[in-house]
Amino acid sequence: MPLHDLSYQRFEGGRTEQLARSLAIARMTTSLLLKRRSFLLLLCACWIPVIARAAQIYVARYVPQASEFVTVTARLWQEFLTQQVEYLPVLLVALYAGAGAISTDLSSGAFVAYLSKPISRFDYFLGKAIPVFLAILVVTLVPALALFGVYLSVANDFGVLETAPLLPLSVIAYSLWIGLYFTVFVLAISCLSRSGRVAGAGFVALALGSGIVLSGMMAALRLPSPPASLSMIGATIDSAHVFFGNVSSGDTPYLSIVAMTSLMLLSAFVLRRRLGSAEVAS
Amino acid sequence: MSVIALEAVSRWYGNVLGLSRVSLEFEPGVTALLGPNGAGKSTLLKLVTGLLRPSAGTVSVLGEAPFANPTIYARLGLVPEEEEFRARVSAVDWLEYLLRLHGFGEADAAARARKALSEVGLDSAAETRVTTFSRGMKQRLRIAQAVAHDPDILVFDEPLTGLDPVGRRDVIDSIRRWGSQGKTVLVSSHILHEVELMTREVVLMNAGKVMASGNIHEIRRLMEAHPHRILITTPDPKRLATRLIDQDGLHSISFSEERSQVELETQEPDRFYALLTELVLDDAATIHEISSPDDNLEAVFHYLVGK
């Protein structure tokens, strides 16, 4: 059939909703991520702490001698999630899934292909954000819920849930909070560069460097340690107290929440400026 | 209402002027934007396709401003000048994916993707990863993704880049056919003879300005102040030159007996064409061929841009 014959193409059917178009982007991005063996290995590595926590639950139940020093309380889930942030799984997954998400499109010209399709700039952002968000949940919410499963399958009572009935909600809310925070931030960094590597380096430098540099400066000036809210990782860990309802006098979790919200708003502003009004000049 | 209308549109890149007060209207059919690199062709196409906003003036596509306007994008197909394919997916998957962004359901998108690939001659490479495609194959894929959703407006930025001769012929034929089917087709190019094969409607651009627009013959008529060359092949050039030399309106005349040619420059070409006919009818001259070197796009373009 010659190239010019388009007679078959008159389309009388309905078109999908805008959300379905964002999901199409998300699905393609996710499938490309999952094709990378290194990403799958990273996800597996991020689940190692889950095995340790599951062992902890198992030992607490079946090894009475260990019950003095191995206990299962609501604190286990908070510690697990904050450790996923502190020991970098969340950061690494966000880096891998998000740093090149937009910058690669900018450098390859795929951004032009997206912008010339009947999708809004927000649809595009959403399509890029969903895979990063889900990847972060895979190393936070999913294992945390899996630990609930382990706990419920081996426990002979529901003591943890009786003392902290809102614990599942806390886990879900805090995981979503972590996911939202890192997703928005890494995409904001990604849209600032046409190189995924530069964006990745910038993301790591800001995420890790903020706390290190600030602490170093305070130490050099012989000032007291800066509040956790001034470090990206520190603020995320600190904010957990709010979600798990165990704020003590020495903590500054509300300040951390404010700092994180501010950074998310700043990231959203950057994304809006870069994507919302983006032009393709070259 | 024109399908595409630009009114006093200017576009700056910082201090650099990309397009300067351009006013144009495009109707269904093929129109070629012609000009050297930096002429403003791509800027104009990006303004039309909503990838750029005008710094001044208004751009209207199907009655609406195209920038960030998904309604317009649904009716528009763009073949960008350069787009790398880095995604590790097959051609059919990539095309299907882009069709999903147009709102086609899974089954429709899959069927259209296969069909479009078949039409650009990539059906045998449908399952091949696009990252392994040659330059020509990538260009065919870009064309497939631009036409697969059956747009009303097609915009091709240098569409023949990277294509082999067969591919060029196919694409030229297709562009002409799409134009004759009532689609509004804009094509940018700096390859003059290929543009002439696609259309007679041209917009000649240079340094961000429109030098001329319209039918190539109409443009030529607008240039009456510029002497028009007529090349005559005759067995006796000296004799013909003698008959023409005292005519009013003759700007210059030269002849070459070796090549059996007389070349004259005049600002009244129609009168000289009539005169030559009379000379033949009166047996005052024998003429084998009359041609006008100026009556092609290249000559018009070179004259207008002074190159």
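Here is how names work: the chains are called A, B, and so on, in the same order as the sequence lines, proteins then strands, and each is numbered from 1. Computed from a prediction, not measured in an experiment: that's the story for all the values here.
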What are the two closest non-hydrogen atoms of [X] and [Y], and how far apart are they?
X       : Y        : result
B:Asp93 : A:Met28  : O-CE, 4.1 Å
A:Arg21 : B:Leu101 : CD-O, 3.2 Å
B:Pro70 : A:Pro118 : O-CB, 3.3 Å

Discussion item. Tell me if the CD atom of A:Gln83 is crowded by more than 12 foreign heavy atoms within 6.0 Å.
Written reply: yes
Item to complete: Mark yes when over 12 heavy atoms from residues, nucleotides or ligands other than B:Arg75 sit less than 6.0 Å from its CZ; otherwise mark no.
Response: no
Discussion item. Given heavy-atom pairs under 4.5 angstrom as the criterion, report whether the side chain, backbone, both or neither of B:Leu78 touches chain A.
Written reply: side chain
Worksheet entry | Options B:Ala144, B:Pro66, B:Ala68, ranked by heavy-atom pairs under 4.5 Å with chain A, top entry | B:Ala68
Worksheet item: Under a 4.5 Å cut-off applied to non-hydrogen side-chain atoms, are A:Val112 and B:Lys46 in contact?
Response: no
Item to complete: Identify which part of A:Leu23 has an atom lying under 4.5 Å from any heavy atom of chain B, answering side chain, backbone, both or neither.
Response: neither
Worksheet, complete the sentence: Okay, A:Lys35 and chain B: the region with an atom under 4.5 Å from a heavy atom over there is side chain
Response to the item:
By residue number, those in residues 119-130 of chain A with heavy atoms under 4.5 Å from heavy atoms of chain B are A:Ile119, A:Ser120, A:Arg121
